[in-house]
Amino acid sequence: MSGGGTETPVGCEAAQGGGGGGKKKDSQGFTGSPAHLIIKDLGEIHSRLLDHRPVIQGETHYFVKEFEEKRGLREMRVLENLKNMIHETNEHTLPTCRATMQDSLNQVLQRLQAATDSVRRLQQREQERKKIHNDLLIASEKQHVTQWEDFMKEQHSKQAEVDEEHRKAMEKLREQYAEMEKGLAKFSAF
């Protein structure tokens with residue numbers, strides 16, 4: 001298309017130079033020859049039929065203008081909706097959520113405190129129970145040690161008694177056998 005626009009002036013100049021007979025151009029105030037008028041008409045016909053740049057530019061400007069207007073209105077509606085949602089959130093939803101959260105947190109903190117107290121009491125009871133159990137174990141162990149020591153002392157004394165009885169029995173038996181040997185010796189001498 002750009003070639004079509006540049007061809008027209010060249011054709012006009014060629015026609016003016018060849019068939020103009022030395023007349024001056026229209027821009028200087030002289031009327032043109034019939035060939036010059038035909039070339040001028042051909043240039044206008046050519047630009048209207050073949051050179052679509054002005055029409056396309058007009059359509060493009062119209063399309064851009066419509067697109068921007070519609071887009072601008074749509075964006076304004078979106079921005080207005082966002083503004084309304086933010087306002088509603090700030091005025092209604094956020095305070096409601098804050099109050100609900102505060103109430104819930106207070107309840108959670110109370111429950112947590114109660115649970116902590118219960119756990120602390122349970123730990124104290126468990127520690128007391130373990131202490132009592134350990135004290136009983138220590139006392140029982142001491143009692144067992146004392147009983148064992150008493151048992152061992154008793155066993156040593158009984159062992160000493162048994163040893164003494166055994167020694168006495170052995171002496172008695174020796175004496176008896178010694179007498180029996182004397183008696184046998186009396187009978188064997190006979």
Side-chain angles (χ1 to χ4, degrees), residues 1-2 52-53 55-190:
M1 288 187 189
S2 63
H52 301 297
R53 279 181 285 168
V55 174
I56 292 174
Q57 286 176 351
E59 288 293 324
T60 304
H61 288 303
Y62 176 74
F63 175 77
V64 168
K65 181 180 174 186
E66 286 293 316
F67 180 75
E68 286 178 349
E69 285 179 4
K70 289 179 182 177
R71 181 177 175 203
L73 292 176
R74 184 177 68 228
E75 287 178 359
M76 289 297 289
R77 284 192 301 262
V78 168
L79 289 174
E80 187 67 30
N81 289 340
L82 285 174
K83 178 184 162 194
N84 291 338
M85 281 196 313
I86 290 171
H87 178 71
E88 182 180 337
T89 301
N90 286 338
E91 295 296 321
H92 303 291
T93 308
L94 192 60
T96 304
C97 289
R98 189 177 293 142
T100 304
M101 186 178 65
Q102 190 67 30
D103 292 342
S104 297
L105 282 178
N106 286 336
Q107 291 175 0
V108 167
L109 287 175
Q110 289 173 354
R111 289 179 183 173
L112 184 62
Q113 187 64 36
T116 304
D117 293 341
S118 296
V119 168
R120 189 175 296 127
R121 283 193 303 270
L122 287 173
Q123 284 179 336
Q124 288 175 350
R125 287 180 195 160
E126 184 66 23
Q127 288 174 350
E128 290 172 2
R129 189 185 64 77
K130 283 184 178 180
K131 186 176 184 257
I132 291 170
H133 183 68
N134 287 338
D135 291 345
L136 288 175
L137 282 177
I138 291 171
S140 176
E141 186 178 339
K142 286 180 181 179
Q143 184 181 6
H144 286 303
V145 168
T146 306
Q147 287 176 352
W148 181 255
E149 289 173 354
D150 292 343
F151 174 74
M152 290 306 289
K153 286 178 186 176
E154 186 180 333
Q155 288 299 318
H156 285 297
S157 64
K158 284 183 179 181
Q159 182 183 2
E161 288 177 11
V162 168
D163 286 344
E164 184 63 29
E165 286 179 16
H166 185 292
R167 189 184 59 76
K168 286 180 183 178
M170 288 295 288
E171 277 184 34
K172 197 175 186 184
L173 281 175
R174 275 188 207 141
E175 289 175 6
Q176 187 179 3
Y177 279 117
E179 284 181 24
M180 285 172 80
E181 278 182 21
K182 284 182 193 178
L184 273 178
K186 284 184 198 178
F187 287 119
S188 52
F190 292 108

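Here the side chains of Q123 and V119 are in contact, with some heavy-atom distance below 4.5 Å. Side-chain contact between R120 and D117 is present, with heavy atoms from C-beta onward closer than 4.5 Å. Side-chain contact between K168 and E164 is present, with heavy atoms from C-beta onward closer than 4.5 Å. Considering only heavy atoms from C-beta on, Q176 comes within 4.5 Å of L173 through its side chain.
The number of heavy atoms from other shown groups lying within 6.0 Å of CD (E141) does not exceed 12. Residue R111 qualifies as open at atom CZ: its count of foreign heavy atoms under 6.0 Å is 12 or below.
Taking OG1 from T116 and CG from L109, the interatomic distance works out to 10.0 Å, rounded to the nearest 0.5 Å. Summarising the geometry, atom OH belonging to Y177 is positioned 9.5 Å from atom CE belonging to M170; distances are rounded to the nearest 0.5 Å. From Q127, atom CD reaches atom CG of N134 across 11.5 Å, with rounding to the nearest 0.5 Å. To the nearest 0.5 Å, the span separating NZ on K131 from CG on L136 amounts to 11.0 Å. Once rounded to the nearest 0.5 Å, the distance linking CD of E179 with NZ of K182 reads 7.0 Å.
With respect to the salt-bridge test (charged N to carboxylate O, under 4.0 angstrom), the residues R129 and E126 qualify. Look at K153 and E149 and you find no salt bridge, because none of the NZ, NE, NH1 or NH2 atoms lies under 4.0 Å from a carboxylate O.
Sorted by first then second residue, the side-chain hydrogen bond (donor to acceptor under 3.5 Å, both in side chains) pairs that include residues 87-105, not counting sequence neighbours, number zero.
Partners of E154 under the salt bridge (charged side-chain N to carboxylate O under 4.0 Å, His left out) rule, at least two apart in sequence or in another chain, are K158.
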